[in-house]
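Below, all heavy atoms of this structure are taken into account, side chains as well, without hydrogens, waters or symmetry copies. Chain naming here is simple, since letters A, B, ... match the order of the sequence lines and numbering starts at 1 in each.
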Protein chains: 2
Amino acid sequence: MPPEHAVGRYHHGDLRNALIEGAGRVLLEKGTCGFSLREVAKVAGVSHAAPYRHFRDKAALLQALRQAGFEQLGLAIRTAADGKPHNPEQKLIEASVAYVHFAVQNPEITRLMFGGTVELQENDVRPDVSVTAYESLLDIIQEGVEQGSFRQRPPQELALVAWTSMHGLAMLAVAGLLAVEANDERVLDELVRAVARNVIYGIVK
Amino acid sequence: MPPEHAVGRYHHGDLRNALIEGAGRVLLEKGTCGFSLREVAKVAGVSHAAPYRHFRDKAALLQALRQAGFEQLGLAIRTAADGKPHNPEQKLIEASVAYVHFAVQNPEITRLMFGGTVELQENDVRPDVSVTAYESLLDIIQEGVEQGSFRQRPPQELALVAWTSMHGLAMLAVAGLLAVEANDERVLDELVRAVARNVIYGIVK
DNA sequence: CCCCTATGTTTACATTGTAAACATAGGGTT
DNA sequence: AACCCTATGTTTACAATGTAAACATAGGGG
């Protein structure tokens, strides 16, 4: 059991988590490019080799960050959807907004998650985490199709369109490749809603 | 005018282009992470500082690669569309297939183009290049809507859906986050066509 | 009480980006 | 033709980085 407050001690107590958190901060400041293991160590207040007791690699640390990102994103989506019970349309829209918002507000993490910068190594939990978002959408859509408020199409196909278009919107926004006005949060929101409605009704209302 | 064959000479003759080409190869082999200026120089057969006479930065070289990528992609899209004159539906489908194919077959370049790894610096031509793909799609869609073969919706909205969903599909494929079967090229093609039909007709036929 | 192991630290080294000082070649001016 | 100017390369130098190896320490189980 790690000691309560082990600051200044020889043994940090909970270095692994401290490193992940520190890595998040460093990533935020310096971006994926400028991200350095040594700086993470410095931020965590340990020597530059200490991280190697907890992560095989620089890549392994980034991978942990990535994993955490997927979990956060999944949570955000589910939370947003749960705010609108029994209303699949609103659920899908809110989930979509949450998805794009997460991306825009955590651009570096998002790049890390979806950019493919970190090689997916052998033991990755990739299937689990990447499928999460898709399955959340699929659940919502299934409900919508069953209760008849969505157009009557195979849920897998609707989910594919939803997943790809939301992801695309998010990535373009993160990359700064959407029209300038889309930098405005409300404009972006409207884009998301328009795309979501396309999924739901098949037309952009 | 650069000499014909200036191999082994003190002055390379056309180093700038040689560097860009070499950078492409290095990027392919080592990926965005392992990409090193010094290795590019080695591949081009010059000293490790020579690139600095042609590019301010490592980032500047990557930026040039990125730029070239955008041009290639734009060309691929236009070529694919031009193969089906007077048939907007086929045009959109072929353009979409070309888009995703380019991404899947040039994953590293694609990451470079859309990953945001390279900071978009002041003097970037970003507007031009990023808008290219979108405008190509928009042109096709405009034609389709006008001639009545597409659903009657504002072309901008259809283009938005097309652009985002194709981009999303491409990025997910590159990141290896689609279902396993999507690694099969034909399966991926079918996905693209399904998504394109959704844009055209509003339903997944 | 002792030592074993998990966790840190120090030292060392190769690689990298980049700057500064130096070299050369090849063309325009006289 | 001689000259030198500048564009283009090269060498040298340095600081930052990833990572391995050898060393240190603390805290718990025999």
Side-chain angles (χ1 to χ4, degrees), chain A residues 1-23 25-27 29-66 108 112 117-119 121, chain B residues 1-23 25-27 29-66 108 112 117-119 121:
Chain A
M1 181 68 72
E4 278 285 296
H5 243 220
V7 200
R9 297 235 220 174
Y10 188 97
H11 284 93
H12 179 287
D14 188 23
L15 185 53
R16 191 191 156 90
N17 288 329
L19 285 172
I20 294 184
E21 196 204 336
R25 283 211 301 275
V26 172
L27 189 67
E29 291 169 11
K30 310 285 177 168
T32 314
C33 271
F35 182 89
S36 113
L37 246 194
R38 285 170 107 110
E39 186 170 355
V40 173
K42 197 175 299 175
V43 163
V46 298
S47 82
H48 67 263
Y52 286 88
R53 296 294 154 183
H54 299 271
F55 300 96
R56 190 166 47 78
D57 253 336
K58 180 186 182 178
L61 175 52
L62 287 174
Q63 177 62 35
L65 224 59
R66 198 173 105 110
E108 293 298 341
L112 193 61
T117 308
V118 181
E119 295 83 19
Q121 298 297 25
Chain B
M1 181 66 73
E4 278 285 297
H5 243 221
V7 201
R9 296 235 218 173
Y10 188 98
H11 285 93
H12 180 286
D14 189 23
L15 186 52
R16 190 191 156 90
N17 287 329
L19 285 172
I20 294 184
E21 197 205 337
R25 283 211 301 275
V26 172
L27 189 67
E29 291 169 11
K30 310 285 178 170
T32 314
C33 271
F35 182 89
S36 114
L37 247 195
R38 284 169 107 110
E39 186 170 353
V40 173
K42 198 175 297 177
V43 163
V46 296
S47 81
H48 67 264
Y52 285 88
R53 296 294 154 183
H54 300 271
F55 300 95
R56 190 167 48 78
D57 255 331
K58 179 185 182 180
L61 175 52
L62 287 174
Q63 176 63 35
L65 224 59
R66 198 173 106 111
E108 294 297 341
L112 192 61
T117 308
V118 181
E119 296 83 19
Q121 299 296 25

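- Atom CZ of A:Arg16 is separated from atom C1' of C:dT7 by 14 Å (rounded to the nearest Å).
- The phosphate of D:dG9 (OP1 or OP2) has a side-chain N or O of B:His54 nearer than 4.0 angstrom.
- If you check D:dG18, C:dT9, C:dC22 against the side chain of B:Arg53, the one that comes closest is C:dC22.
- Distance NE2 (A:His48) to C1' (D:dA20): 10 Å, rounded to an integer number of Å.
- Distance NZ (A:Lys30) to C1' (D:dT17): 14 Å, rounded to an integer number of Å.
- Screening A:Val40, A:Leu15, A:Leu65 against A:Ile20 for a side chain to side chain contact (heavy atoms under 4.5 Å, CB included) leaves a single residue, A:Leu65.
- When heavy atoms are screened at a 4.0 angstrom cut-off, B:Ser36 is found touching the sugar-phosphate backbone but no base atom.
- The distance between atom CD of A:Glu39 and atom P of D:dA15, rounded to the nearest whole Å, is 18 Å.
- To the nearest 0.5 Å, atoms CG (B:Leu19) and CZ (B:Arg53) are separated by 13.0 Å.
- Per the geometry, CG belonging to B:Leu61 stands 14 Å off C1' belonging to C:dT18, to the nearest Å.
- In this structure, the nucleotide among C:dG8, D:dT10, D:dT19 sitting nearest to the side chain of A:Asp57 is D:dT19.
- Annotation: of the two residues near DNA chain C, A:Ala49 and B:Gly34, the 5′-most nearest-nucleotide partner is A:Ala49.
- The base of D:dT19 is paired with the side chain of A:Arg38 by a donor and an acceptor separated by under 3.5 Å.
- Residue A:Leu15 contributes atom CG, which lies 10 Å from atom P of C:dT7 at whole-angstrom precision.
- B:Phe35 comes within 4.0 angstrom of the backbone, heavy atoms only, and of no base.
- At whole-Å resolution of the value, NZ in A:Lys58 and P in D:dT17 are 9 Å apart.
- Nucleotide D:dC23 has C:dG8 as its partner under the Watson-Crick or G-U criteria, with both atom distances under 3.5 Å.
- If you take OH of B:Tyr52 and C1' of C:dG17, they are 4 Å apart, rounded to a whole angstrom.
- Using a cut-off of 4.0 Å between Lys/Arg side-chain N and Asp/Glu carboxylate O, B:Glu29 and B:Arg25 are scored as not salt-bridged.
- Residues A:Leu62 and A:Phe55 form no side-chain contact, since every pair of their non-hydrogen atoms from C-beta on lies 4.5 Å or further apart.
- Closest heavy-atom contact between A:Pro51 and A:Leu37: CB-CD2, 4.1 Å.
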